[in-house]
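This report concerns only the one structure given below.
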Amino acid sequence: MRLFSVRSALTASFALSSLSGLAAALPQPDAPEVVEAIEGTFGVTPGARRNHIKGSCALGEFVGSREAARYSRSSLFSGKGVPVVARFSLSGGNPKAPDTARSGRGMALEFRLPKGQVHHITMLNTPVFGAAQPRTFLDLMHALRPDPTTGKPDPEKLKAFKASHPDSLAQAEYLASHNPPASYANSTYWGIHTFRFIDRKGRVTPVRWRFVPQDGKQPLGGDAMKAAGADFLEQALIARTTQGAARWDMLVSVGQPGDPDDDPTVAWPAERREFRAGTLSIVQAMPQTGAACEPINFDPLVMADGIAPSRDPILLFRSPAYAVSFAKRLSGQ
């Protein structure tokens with residue numbers, strides 16, 4: 001019986017590996033194609049973001065640590081307060097998505113560094129992403145497109161998508177097994193991708209990071225899920241910041257040889273060396289309309305000296321996709 005189980009596991013592993021390899025071998029879509037797919041699934045709200053459309057603005061500051069300055073020469077880690085414009089959001093292009101949805105929550109940060117420089121960090125409240133290649137994300141949008149008859153995604157198309165895209169499963173399983181947070185301030189946010197810290201001597205260190213709330217993680221319980229309503233997250237964040245700053249510690253994991261730097265669907269081992277790179281303090285929150293975060297295109301490849309991208313194809317694809325979406329909303333489309 002044990003031999004059968006081992007053989008079955010090996011067969012399943014080989015099948016998943018073959019599917020992943022097949023998906024990676026297919027032609028990858030371009031940015032306009034992916035943005036059009038998002039529009040086809042969620043519709044278009046003229047002048048608004050195509051993804052993470054529902055969100056809230058916030059203001060604060062970040063203070064980097066001395067230990068981070070050992071690894072990166074970025075002025076983000078100077079030890080001085082850096083002004084931050086933040087945006088908290090729900091995944092997807094539905095402006096009326098309920099805040100209880102089992103979907104991703106985002107934290108996007110624009111750090112306003114000295115001499116007019118800016119640095120962007122965009123994160124999700126899942127430890128991994130749901131696609132290793134842009135093709136997977138495109139196919140997910142097609143699978144989620146509502147059937148004209150029912151107004152809902154076709155279950156058979158979703159089933160086929162999951163079977164043919166094993167790189168989507170880890171994030172989907174995480175979201176299905178974790179209730180959404182009771183507040184944006186009670187959620188951890190992961191950078192998802194691998195980045196490179198560059199020190200003053202030019203030495204490069206692969207890193208991944210997450211922002212951990214000092215308030216602690218607090219998911220919604222079953223009864224709270226029913227009573228929360230569709231739009232509680234913004235007011236919860238506003239109320240929290242009127243009581244004092246909401247804070248997150250930036251924790252950085254140091255990569256080792258063999259750790260994947262080009263696949264955001266695979267987490268690094270938990271035992272990797274980790275250090276605190278700084279603390280984010282959010283002191284004020286507000287609706288996004290007319291606020292400082294609304295016009296910002298939180299492109300994750302906007303980076304100041306001392307931090308650089310990895311070869312992750314999803315990370316590199318996000319910039320042109322964001323640019324297409326940004327151009328459309330600037331023109332009122």
Side-chain angles (χ1 to χ4, degrees), residues 5-26 28 65 67-74 76-77 104 121-137 162 164-175 177-178 188-212 249-278 300-301 303 305-319:
S5 298
V6 170
R7 285 177 175 171
S8 299
L10 289 173
T11 301
S13 176
F14 177 78
L16 291 178
S17 176
S18 298
L19 288 169
S20 297
L22 178 62
L26 292 172
Q28 295 300 318
S65 71
E67 187 161 15
R70 291 173 47 207
Y71 289 93
S72 171
R73 63 189 181 222
S74 171
L76 188 62
F77 306 119
I121 289 180
T122 58
M123 295 173 285
L124 285 174
N125 70 331
T126 60
V128 292
F129 192 56
Q133 297 285 339
R135 167 68 54 185
T136 297
F137 186 82
K162 292 177 182 178
S164 58
H165 295 77
D167 56 330
S168 72
L169 298 181
Q171 186 190 49
E173 290 170 358
Y174 183 90
L175 288 169
S177 60
H178 290 74
T188 295
Y189 300 91
W190 283 265
I192 302 295
H193 308 287
T194 301
F195 294 88
R196 305 186 193 284
F197 277 3
I198 305 169
D199 71 11
R200 297 187 182 279
K201 294 183 179 180
R203 290 175 297 199
V204 176
T205 303
V207 297
R208 289 187 178 185
W209 57 66
R210 70 187 192 278
F211 279 60
V212 178
D249 290 319
M250 180 184 186
L251 301 182
V252 172
S253 296
V254 178
Q256 297 296 318
D259 289 341
D261 66 355
D262 61 352
D263 190 345
T265 71
V266 179
W268 283 357
E271 62 269 19
R272 289 292 172 262
R273 182 180 179 278
E274 189 173 79
F275 63 88
R276 189 181 68 82
L301 293 188
M303 299 180 185
D305 180 57
I307 304 177
S310 64
R311 58 181 182 173
D312 183 336
I314 292 292
L315 173 60
L316 300 179
F317 188 83
R318 288 172 69 182
S319 185

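What's counted below: heavy atoms across the whole structure, side chains too, no hydrogens, waters or symmetry copies.
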More than 12 heavy atoms of other groups within 6.0 Å of R273 CZ
yes
Polar side-chain atom of D199 near backbone of K201 as donor-acceptor pair, under 3.5 Å
yes
Show your working on side-chain contact (heavy atoms from CB on, under 4.5 Å) between I198 and R73 and close with a plain yes or no.
CA-CA 6 Å; I198 305 169; R73 63 189 181 222; 3.4 Å; yes
Between D167 and T136, is any side-chain donor less than 3.5 angstrom from a side-chain acceptor?
yes
Output the distance between atom CG (L76) and atom CD1 (I307), rounded to the nearest 0.5 Å.
5.5 Å
Among side-chain atoms of T194 and R208, is any donor-acceptor pair under 3.5 angstrom?
yes
Let me confirm one number: the CZ-CG distance from F275 to L251, rounded to the nearest 0.5 Å.
9.5 Å
Using the side-chain contact (heavy atoms from CB on, under 4.5 Å) rule, take D249 and F211 through it: C-alpha gap first, then chi angles, then the decisive distance, then the call.
CA-CA 5 Å; D249 290 319; F211 279 60; over 6 Å; no
Start with the C-alpha distance between L315 and S310, add both sets of side-chain angles, then the distance that settles side-chain contact (heavy atoms from CB on, under 4.5 Å), and finish with yes or no.
CA-CA 8 Å; L315 173 60; S310 64; 4.2 Å; yes
Counting N and O atoms only, with roles assigned by atom type, does the side chain of D259 sit under 3.5 Å from a partner on the main chain of Q256, one being a donor and the other an acceptor?
yes
Please check this pair: side chain of S72 against backbone of A69, looking for a donor-acceptor N/O pair closer than 3.5 Å.
no
On a heavy-atom basis, the closest approach of A131 and F137 is CB-N, 3.9 Å
Matching residue for I192 among D312, T265, V128, T126 - test: side chain to side chain contact (heavy atoms under 4.5 Å, CB included)
T126
Residue set satisfying side chain to side chain donor-acceptor pair (under 3.5 Å) with T122, at least two apart, ordered chain then number -> R318
Provide the closest heavy-atom pair for W268 versus V207 in the form atom of the first, atom of the second, distance.
CH2-C, 3.7 Å
Of the non-hydrogen atoms in H193 and P264, which two are nearest, and what is the gap between them?
ND1-CB, 3.8 Å
Under a 4.0 Å threshold between the charged nitrogen and the carboxylate oxygen, would R196 count as salt-bridged to D261?
yes
Taking atom CZ of F129 and atom OG of S168, what is their separation to the nearest 0.5 Å?
11.0 Å
Please check if the distance between the ring centroids of F77 and F197 is under 6.0 Å.
yes
State, yes or no, whether a side-chain contact exists between T205 and V254 at a heavy-atom distance under 4.5 Å.
yes
Closest approach of A132 and P313, non-hydrogen atoms and distance?
O-CG, 3.5 Å
Any chance you could lay out the ring pair (Phe, Tyr, Trp, His ring centres under 6.0 Å) test for F195 and W209, step after step, and finish with the verdict?
CA-CA 9 Å; F195 294 88; W209 57 66; 4.5 Å; yes
E274 meets the salt bridge (charged side-chain N to carboxylate O under 4.0 Å, His left out) criterion, sequence neighbours left out, with R210
Check: L316 main-chain N/O paired with S319 side-chain donor or acceptor under 3.5 Å
no
Say you draw a straight line from NE2 of H178 to CD of E173; how long is it, rounded to the nearest 0.5 Å?
11.5 Å
Under a 4.5 Å cut-off applied to non-hydrogen side-chain atoms, are R276 and M250 in contact?
no
